[in-house]
Asks: 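The structure is given below, and queries will be raised subsequently.
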Amino acid sequence: MVEASAARYAGHPGLPDVLAAFGAVSGMSTDEQTTAVARGVLPSYFADYWGNEERLGPFREAVRATYISGPDYDLTPDVIDDRSELKGLTVPGPGLRRSRVTSGS
């Protein structure tokens with residue numbers, strides 16, 4: 001996928017940032033780094049992100065990510081207990097649109 005995006009956007013001024021974000025994946029260790037990587041790689045997931053940047057830019061800026069560590073050297077995953085944080089979560093407001101999925105007949 002990275003190669004396809006790089007070929008499709010060769011020469012685009014935003015491409016180096018996307019490639020740098022992919023390169024930073026293995027060095028993530030904080031929520032801030034994970035958010036930066038998520039935002040950085042996002043254009044590669046759209047057929048024409050930069051052609052639609054005015055529409056997709058706010059979505060990109062709204063992306064938040066949480067770092068979750070992988071297994072330790074002995075393949076034991078870190079214990080993550082975020083139950084104390086649950087009380088601080090908020091539900092998006094009524095401004096979200098929902099699509100109705102119907103089956104064709």
Side-chain angles (χ1 to χ4, degrees):
M1 182 178 85
V2 176
E3 294 84 8
S5 288
R8 183 173 51 231
Y9 294 111
H12 190 281
L15 180 61
D17 292 337
V18 171
L19 296 177
F22 274 109
V25 168
S26 63
M28 296 182 306
S29 62
T30 66
D31 290 352
E32 292 77 18
Q33 291 170 332
T34 306
T35 296
V37 166
R39 289 177 181 168
V41 301
L42 190 110
S44 68
Y45 288 89
F46 291 88
D48 187 14
Y49 173 83
W50 287 294
N52 293 286
E53 192 168 14
E54 185 176 321
R55 184 172 56 93
L56 295 172
F59 166 70
R60 185 181 188 189
E61 287 305 310
V63 167
R64 302 284 183 268
T66 301
Y67 173 74
I68 299 177
S69 66
D72 286 339
Y73 65 93
D74 65 351
L75 300 180
T76 303
D78 289 341
V79 175
I80 300 169
D81 184 356
D82 290 331
R83 289 178 285 184
S84 64
E85 300 296 320
L86 291 176
K87 65 181 176 248
L89 294 178
T90 59
V91 177
L96 296 177
R97 290 189 222 163
R98 293 183 180 206
S99 300
R100 186 171 192 187
V101 178
T102 59
S103 61
S105 24

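Keep in mind it's a predicted model, so treat the numbers as computed, not measured.
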Asks: Are side-chain heavy atoms of L56 and F46 found at a separation under 4.5 Å?
Replies: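 Yes. Closest side-chain heavy atoms under 4.5 Å.
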Asks: Could you tell me whether a side-chain N or O of R64 sits under 3.5 Å from a main-chain N or O of T35, the two making a donor and an acceptor?
Replies: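 No; zero donor-acceptor contacts below 3.5 Å.
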Asks: At what distance, to the nearest 0.5 angstrom, does CZ of R39 lie from CG of D17?
Replies: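 If I round to the nearest 0.5 Å, the distance is 13.5 Å.
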Asks: If you compare all heavy atoms of V18 against all heavy atoms of S44, which two are closest, and at what distance to 0.1 Å?
Replies: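 Distance-wise, the nearest heavy atoms are CG1-CB, 4.2 Å.
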Asks: Can you tell me how far apart CZ (F59) and CG (N52) are? Round to the nearest 0.5 Å.
Replies: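 That separation rounds to 13.0 Å.
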Asks: My understanding is that only residues two or more places apart in sequence, or in another chain, count here; which of them pass side-chain contact (heavy atoms from CB on, under 4.5 Å) with A38?
Replies: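 Testing A38 for side-chain contact (heavy atoms from CB on, under 4.5 Å), a comparison that skips the adjacent residues, returns V63, A65.
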Asks: Listed by chain and number, what are the side-chain contact (heavy atoms from CB on, under 4.5 Å) partners of T30, not counting sequence neighbours?
Replies: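 Counting only residues at least two positions away or on another chain, T30 forms a side-chain contact (heavy atoms from CB on, under 4.5 Å) with E32, Q33.
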Asks: Is any side-chain heavy atom of R60 closer than 4.5 Å to a side-chain heavy atom of P43?
Replies: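 Yes, close enough: below the 4.5 Å cut-off.
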Asks: Which heavy-atom pair separates Y9 from D48 by the least distance, and what is that distance?
Replies: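 In terms of heavy atoms, the two residues are closest at OH-CA, 3.1 Å.
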Asks: Please give me the minimum heavy-atom distance between G14 and H12, naming the atom from each residue.
Replies: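 What the structure gives for the nearest pair is N-ND1, 2.8 Å.
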Asks: Answer whether the closest heavy-atom distance between the side chains of R8 and E3 falls below 4.5 Å.
Replies: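 Heavy-atom side-chain distance check fails, nothing below 4.5 Å.
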Asks: Once ring-ring contact (aromatic ring centres under 6.0 Å, His included) is applied, do any residues pair with Y49, and if so which ones, sequence neighbours excluded?
Replies: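 Listed in chain order: nothing, the list is empty.
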Asks: Would you say L86 ends up clustered with I68 if hydrophobic residues are merged whenever their side chains have heavy atoms under 4.5 Å apart, either directly or through other cluster members?
Replies: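 Different hydrophobic clusters.
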